[in-house]
Amino acid sequence: MLDQDPTRRQLIKAALGGAAGLALAGRAARLLAQAAPATASGTERLADDLFVIRIPGEANIVAHASSAGVLLVDGGSARATDAVMKSVASLPGGGQVHTLFNTHWHPEQTGLNETIGKAGKTIIAHENTRLWLATDVTWPWNGQTFKRLPKIAQPNKTFYTSGKLESGIQYGYVSDAAHTDGDLYAYFPQQNVLAVGDVVSNQGWPQVDWVTGGWIAGIVGGLQRISTIGNEKTIIVPGRGPVMTMADLKTHYDMYGAIYDRLSKLLNSGRGPTEAVDAKPAKEFEAKMGNPDEFVRRAFESLWAYVTPDA
């Protein structure tokens, strides 16, 4: 039976309260000392039985191979299905996929769902992710519509707070709404590896999907939350880009905390999205992260979505 889900309003209040209290001073000088290198395609071994599958143009996929087969954290887009399955088949000690985690609902992560669902295997996601995959979603900023997945492709095992597989793999809800309101992490304690999907991007600015719950303070809160999982030696696999350390995570936390603080001040002084972009609140990070204008606009809009009375 599913745990009782807190209301969206409760999550908004908790996230806003936590984010507002974050210490944000004195960060800029030590941020992003090195740019994240370009991620090569292929398979990166993190442990004897744990791998990152990288396919050009796709989000990172984490694969755990065991005598039971292969567990995947995210499955790439639908167009990458053949490439993903080929990579899975080539893993040492691999086999058929028995479990697929959806870290959130976006099609870049859920394109393998139909294949896995038709095979009768397990698809695990937060309940909010299942709900988004069962409806049509339209982004107002570009008019793009994402059609609901067929029933067979929707997650067939959902949760609200946390869970643990018989293999010892742990998973939990990132309730801060860093990317969407259905983000999850998967932690592999034996290998000390944490897969976080697009809660963290280590290659360019992330998408702030405020239509399905994501917001700038949620990015800050999410980074803080996942930093409490594991230890200082934990390897973090982001949704995009190279793997990270806890020190890297702290750098990102500082950066997004500074941006959040600046955007909050702009909002409180009555500014709008275009004025927020013109204010260049991420200027010192552009050389490392790329042009921030789209990110800043969506991040500012996400503040509106959360703090206005009709959010």
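For N156 (side chain) and I123 (main-chain N/O), a donor-acceptor pair under 3.5 Å exists by modelled atom type. The backbone N or O of A125 lies less than 3.5 Å from no partner atom in the side chain of Y171, so there is not a single donor-acceptor pair. Panel note: side chain N268, backbone K265; no donor-acceptor pair is recorded below 3.5 Å. The backbone N or O of N102 lies less than 3.5 Å from no partner atom in the side chain of D74, so there is not a single donor-acceptor pair. Between the R45 side chain and the D48 main chain, a donor and an acceptor come within less than 3.5 Å of each other. Judged by distance alone, the side chain of N113 and the main-chain N or O of A153 form a donor-acceptor pair under 3.5 Å. Although no hydrogens or angles enter the test, the distance criterion places a donor-acceptor pair under 3.5 Å between the side chain of D248 and the main chain of T245. Between the side chain of T180 and the main chain of T212, no donor-acceptor pair closer than 3.5 Å is present. A donor-acceptor contact shorter than 3.5 Å is absent between the side chain of T43 and the backbone of I53. Checking side-chain atoms of H126 against main-chain N and O of N128 turns up a donor-acceptor pair under 3.5 Å.
Residues H98 and K121 come closest through the heavy atom pair O-CB, 3.6 Å. Residues I169 and P189 come closest through the heavy atom pair CA-CD, 4.3 Å. Here the closest heavy-atom approach between residue E301 and residue P273 is recorded as CG-CG, 4.2 Å. Scanning all heavy atoms of the two residues, the minimum distance from D293 to N291 falls at N-OD1, 2.8 Å. The minimum heavy-atom distance between I216 and A299, with the atom names listed, is CG2-O, 3.7 Å. Nearest approach of G197 to T103, heavy atoms of both residues: CA-OG1, 3.7 Å.
From Y185, atom OH reaches atom OG of S162 across 6.0 Å, with rounding to the nearest 0.5 Å. Rounding to the nearest 0.5 Å places NZ of K157 at 6.5 Å from OG1 of T122. Between the CG atom of L100 and the CD1 atom of I61 there is a distance of 9.0 Å, given to the nearest 0.5 Å. For the atom pair OH (Y187) and CD1 (I226), the distance works out to 12.5 Å, reported to the nearest 0.5 Å. Atom NE2 in H64 sits 11.0 Å away from atom CG in L91 (nearest 0.5 Å). Put simply, CD on Q109 and CG on L133 are 10.5 Å apart, with the number rounded to the nearest 0.5 Å.
At a threshold of 4.0 Å, the pair R240-E58 does not count as salt-bridged, since none of the basic side-chain nitrogens sits closer than that to a carboxylate oxygen. K86 has no carboxylate O lying under 4.0 Å from a charged side-chain N of D82, or vice versa, which leaves the two without a salt bridge. Using a cutoff of 4.0 Å between basic side-chain nitrogens and carboxylate oxygens, E284 and R262 are scored as salt-bridged. Remark: E294 does not engage R297 in a salt bridge, criterion side-chain N to carboxylate O under 4.0 Å.
When ring centroids are compared, W141 and W210 come within the 6.0 Å threshold. The aromatic ring centres of F146 and W105 sit less than 6.0 Å apart. Taking the six-membered ring for Trp and the full ring otherwise, the centers of H179 and W132 sit at least 6.0 Å from each other.
Put simply, the side chain of L46 does not reach to within 4.5 Å of the side chain of F188, judged on heavy atoms. Counting only heavy atoms from C-beta outward, the side chains of T158 and I124 never approach each other to under 4.5 Å. Counting heavy atoms from C-beta on, the side chains of V84 and T81 never come closer than 4.5 Å. D49 is listed as a side-chain neighbour of Q191, based on a closest heavy-atom distance under 4.5 Å. Here the side chains of L72 and L112 are in contact, with some heavy-atom distance below 4.5 Å. Using a 4.5 Å heavy-atom threshold, the side chains of Y173 and D183 count as separate. Residues F51 and P92 are in side-chain contact: their nearest non-hydrogen atoms beyond the backbone lie under 4.5 Å apart.
Other residues, nucleotides and ligands contribute more than 12 heavy atoms inside 6.0 Å of the CD atom of E286. Heavy atoms from other residues, nucleotides or ligands lying under 6.0 Å from CD of Q96 number 12 at most.
Between Y256 and H252, the ring-plane angle classifies as tilted under the 30° and 60° cut-offs.
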Listing, residues 231-238 side-chain donor-acceptor contacts under 3.5 Å, not counting sequence neighbours, or none:
| unit_1 | atom_1 | unit_2 | atom_2 | d |
| --- | --- | --- | --- | --- |
| N231 | OD1 | N192 | ND2 | 3.0 |
| N231 | OD1 | K233 | N | 2.8 |
| N231 | OD1 | T234 | N | 3.4 |
| T234 | OG1 | N192 | OD1 | 2.7 |
| T234 | OG1 | N231 | N | 2.7 |
| T234 | OG1 | N231 | O | 3.0 |

Please determine whether side-chain contact (heavy atoms from CB on, under 4.5 Å) holds for the pair D209 and H106, giving the CA-CA distance in whole Å, both sets of side-chain angles, and the decisive distance to 0.1 Å. CA-CA 10 Å; D209 185 359; H106 287 167; 2.8 Å; yes
### Task
Give the intermediate values and the outcome of side-chain contact (heavy atoms from CB on, under 4.5 Å) for residues E127 and F159.
CA-CA 6 Å; E127 174 64 7; F159 71 101; over 6 Å; no
Hey, mind stepping through W139 and T145 against side-chain contact (heavy atoms from CB on, under 4.5 Å) and telling me if it holds? CA-CA 6 Å; W139 284 345; T145 295; over 6 Å; no
Stepwise side-chain hydrogen bond (donor to acceptor under 3.5 Å, both in side chains) test for D198 and Q207: CA-CA 8 Å; D198 280 340; Q207 173 68 259; over 6 Å; no
Exercise. Carefully, step by step, assess V73 and L71 under the rule side-chain contact (heavy atoms from CB on, under 4.5 Å).
Key: CA-CA 7 Å; V73 181; L71 175 148; 4.1 Å; yes
Next item on the list: Evaluate salt bridge (charged side-chain N to carboxylate O under 4.0 Å, His left out) for E114 paired with K151, printing each intermediate quantity in order.
Entry: CA-CA 9 Å; E114 188 163 359; K151 180 67 175 178; over 6 Å; no
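Both V208 and L267 sit in one connected hydrophobic cluster of ILVMFWY residues. Membership requires side-chain heavy atoms under 4.5 Å apart, directly or through other members. In this structure, L131 is not a member of the same hydrophobic cluster as L149, with clusters built from ILVMFWY side-chain heavy atoms closer than 4.5 Å. By the criterion of side-chain heavy atoms lying less than 4.5 angstrom apart, applied directly or through intervening Ile, Leu, Val, Met, Phe, Trp or Tyr residues, Y253 is grouped together with M246 in one hydrophobic cluster.
A donor atom on one side chain and an acceptor atom on the other are not found under 3.5 Å apart for R54 and S87.
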